[in-house]
There are 4 protein chains.
Amino acid sequence: MHQGGEEPMEKKKHKGLFQARRERRIERRRQEIMEAAAEVFAERGYANTTTKEIALTADVSEGTLYNYFSSKRDILLAIVDEQQNTIEKMLASVGQLENQEDIVSLVYHSLNSFLTRLPFTRAVLTEAWVDDDILQEFVMARLQRIARLVQTFIAKCVNAGFFRPFDAALITPMVIGMFLMPITPALRGIAPPPTPEELHALVESAVSLLLDGLRVQASEELRVRSEE
Amino acid sequence: MHQGGEEPMEKKKHKGLFQARRERRIERRRQEIMEAAAEVFAERGYANTTTKEIALTADVSEGTLYNYFSSKRDILLAIVDEQQNTIEKMLASVGQLENQEDIVSLVYHSLNSFLTRLPFTRAVLTEAWVDDDILQEFVMARLQRIARLVQTFIAKCVNAGFFRPFDAALITPMVIGMFLMPITPALRGIAPPPTPEELHALVESAVSLLLDGLRVQASEELRVRSEE
Amino acid sequence: MHQGGEEPMEKKKHKGLFQARRERRIERRRQEIMEAAAEVFAERGYANTTTKEIALTADVSEGTLYNYFSSKRDILLAIVDEQQNTIEKMLASVGQLENQEDIVSLVYHSLNSFLTRLPFTRAVLTEAWVDDDILQEFVMARLQRIARLVQTFIAKCVNAGFFRPFDAALITPMVIGMFLMPITPALRGIAPPPTPEELHALVESAVSLLLDGLRVQASEELRVRSEE
Amino acid sequence: MHQGGEEPMEKKKHKGLFQARRERRIERRRQEIMEAAAEVFAERGYANTTTKEIALTADVSEGTLYNYFSSKRDILLAIVDEQQNTIEKMLASVGQLENQEDIVSLVYHSLNSFLTRLPFTRAVLTEAWVDDDILQEFVMARLQRIARLVQTFIAKCVNAGFFRPFDAALITPMVIGMFLMPITPALRGIAPPPTPEELHALVESAVSLLLDGLRVQASEELRVRSEE
DNA sequence: TATGAATGAGGGTTCATTCAT
DNA sequence: TATGAATGAACCCTCATTCAT
């Protein structure tokens, strides 16, 4: 998206094959660089990463970076872009939430998206914590779409009498936090990402917890004493 | 600081006042600088913050910073330390969790601690996302104490038969995420912190949600249709 | 430098030339910088010299210095090292002193070594006056080797009855001082270095003075009166 | 000499005692500071010494330094000045050199002057190696007076036929070097200064060496072989 | 007069970016 | 196109000097 697709349009026919191969080569190289950069950004943060490190990790020279990206920041933006697209694609296949499986599926796929290209996610999150543009244009944009899905679903269920009369807007962040926190250590890089099975178990538990709560039944005042 | 404490014992009274005033002045200045620094760190991140900005914000010269801190990083560490103490103090007054009020109280005070000196918290969190030392020595240390309190409480309730048979270790992060996410926008600086009333409402809702879940009752398969 | 030597063995020829040229270019540049630095260090002393001055004198940018040396001090150490080697090489060709010509030769070549790359020597000496590490590891190391040669020679001659019964250890510094002082103004930079002829004449005179003293002959009490 | 003696001349009578005591106090303090400064300058060199270190060593505050000296450099100049005076005084009592005792005496007292306030000498020498003003105005000025004494003496002896026909100007630096080198380690601070007795022995040996040379007698070609 | 905190110019060093090869 | 040396702005930090107390 940034600095791409600017080859001349004429000559397209004749060069077809040649051009296509060239473009693929370029795209492949861009990906290599982005992967390398994401890795280092994830590990040390954007500001603490030097172009030299990126180049070293990508196994190219510093100068070469600038043949594929116009600046260090451009690399970050490309990473963000890519992550955007990944999640966007995932979201595109999700319609309205209609039942429990839909939730499980949405959550599972969302978490999965975050985890599959972990360095990308880490790089983005880390920087989003500091960079308002990235936060808004990427993280919030995606997150709010998810939030809206959830919130709408909850509101509907409340209206339908299936859910207790919670304020959907108030509840939604809690719900999201519930799903997100368990993978935070992985996002931060201090724990291995869960296996698909673990992830499934996790989502199932979370959904169960969410729907029916901790308590055995809605009983009167809870009381535990250590001596009991 | 370098040659303090070695004053002769006679004269104590006279020097006492003098010295004490001086120390208070120094401490006050340190605080001013830390506050200024926290603000800028919070806004732009540690690495993107220049000592010049800190000095400007603190309304002193750059050189003055170094009369109170030995390095830019030292300022950050002092901020982290201070936050540590704030939370530590809060935690010290919390015993075992024994009932619903205890949870509400713990959560409320925890969130409050995070929110009261918001720039400090933001500065610490932002850096913890990138700096392993700060993450471990500060954030994780505190967070794990909280987590252990929660986990123990859940396990106890499960054993007592009050809670459904969840795996406490699995559930705890979800519980924490549930409480934390609603204030995340404030922590990130893109929303005003909640008023105490809002915070209370929030915690109450969260606890209710947590205990009894979204659902009116543990019913059969949930199903909502958009057309309904 | 950081990723050198790991080239595949095929291609050796082609890369060889390339690589060699590159290495020569690097070495040449290092030398240029060292020469420039030595000049300024000699003139103003290490501590009073700014990297900006060095860069200016070397006709490169400040940043470039750090492509060839890791710090200002590293430049100084490289200079010291180079001087070490120069003198070391000179000393390597000197065996035991056995006769007058040997002394003349040793002295001549020693002084010559000091004078040939005068800025280097000045830079080293100047700093040695203040920096214990450089004094010990460089100046004293070399000087003591020379001193040992001289002392051994004197002791031998004394034992052989050729020299009067001086304490060799006591005398040696005097002998060295005798040879060194005449070129001190040049070392300090307030006199042009002697031409080779002057240097020869100087050494010859010194050796003669050293061997037979000032006096016409060992006579009775010397007495000069101004009115005579 | 620098920044001194600028008190108003009127009122002299009435204030006599008071004023005198005050001046003595001031002078004493100046001396204390100079001594402290000389010590640190000697140890680390002028440029590497901070005013804070001087203040610390002198046991006063940094600000106080500036009540007695107008700048850091002024302290150095005062030290130089004082050393000048010390040597000047010594030289004032020396007339023309007329015999061996005169030489011994001159040398002994010269070396003694250098050694008695060693930090002062070290400070001056160290800086003279880098600072042309100090070199010329202090070190060379004194040294050349000594050199002239020696040179004149030698020339006279040569003319009188007592000394072999050396070129006095050529020989003089050697003579001085001979006397100076043995105390150089002390001047540099890597050896304790010689005791008066050692100093005497040293001078005696040097003079003997100087007058009659190393050799037993002016013999034919010297030859030593290790195997002999 | 003595103090030591405040100052800010200037130091060494880093690093994103450019460009000749 | 790939390279990596060159660049210089900007960083963090030091320290001689000033000045309010």
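Letters go in sequence order (proteins before strands), and every chain restarts at 1. Values below: all heavy atoms of this structure, side chains included; hydrogens, waters and symmetry mates excluded.
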Review point. For F:dA2, does OP1 or OP2 lie under 4.0 Å from any side-chain N or O of A:R29?
Key: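 So the side chain of A:R29 is within the cut-off, an N or O lying under 4.0 Å from OP1 or OP2 of F:dA2.
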
Check your understanding: Given E:dT1, is OP1 or OP2 found less than 4.0 Å from the side-chain N or O atoms of D:R22?
Key ->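 Answer yes for this pair, as a side-chain N or O of D:R22 is under 4.0 Å from OP1 or OP2.
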
Point to revise | C:E32, CD atom: more than 12 neighbouring heavy atoms under 6.0 Å | key: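 It does: C:E32 CD has more than 12 such atoms within range.
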
Check your understanding: Taking the side chain as C-beta and beyond, is there a heavy-atom pair between B:Y66 and B:T51 under 4.5 Å?
Key ->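 Yes, their side chains come closer than 4.5 Å.
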
Review point. Do A:K72's NZ or CZ and the ring of A:Y46 fall within the cation-pi criteria of under 6.0 Å and 45°?
Key: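 Verdict for A:Y46: a cation-pi partner in A:K72.
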
Exercise for review: Could you tell me whether a side-chain N or O of B:D131 sits under 3.5 Å from a main-chain N or O of B:E127, the two making a donor and an acceptor?
Suggested key: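 Between the backbone of B:E127 and the side chain of B:D131 there is no qualifying donor-acceptor contact (under 3.5 Å).
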
Practice item. Classify every nucleotide of nucleotides 11-17 of chain F by which part a protein heavy atom approaches to under 4.0 Å, writing B for the base, S for the sugar-phosphate alone and - for neither, in 5'-to-3' order. Key: SBBBSBB

**Study point:** N-O pairing of C:E53 and C:R44 below 4.0 Å
**Key:**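 Salt bridge present between C:E53 and C:R44.
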
Review point. Once Watson-Crick and G-U wobble pairs under 3.5 Å are found, how is DNA chain E written in dot-bracket notation, 5' to 3', with | for any base paired to another strand?
Key: .||||||||||||||||||||

Review point. Between F:dA5 atom P and C:L65 atom CG, what is the distance in whole Å?
Key: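 Between P of F:dA5 and CG of C:L65: 15 Å.
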
Check your understanding: Atom CZ of B:R21 to atom P of F:dT21: distance rounded to whole Å?
Key ->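 About 13 Å, once rounded to whole Å.
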
Exercise for review: Describe the nucleic acid contact of B:F69 in one word from base, sugar-phosphate, nothing, applying a heavy-atom distance below 4.0 Å.
Suggested key: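 Nothing, no heavy atom under 4.0 Å.
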
Practice item. Locate the shortest heavy-atom distance separating C:N48 from D:A47; write the atom from each residue and the value. Key: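 Taking every non-hydrogen atom into account, OD1-CB, 3.6 Å.
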
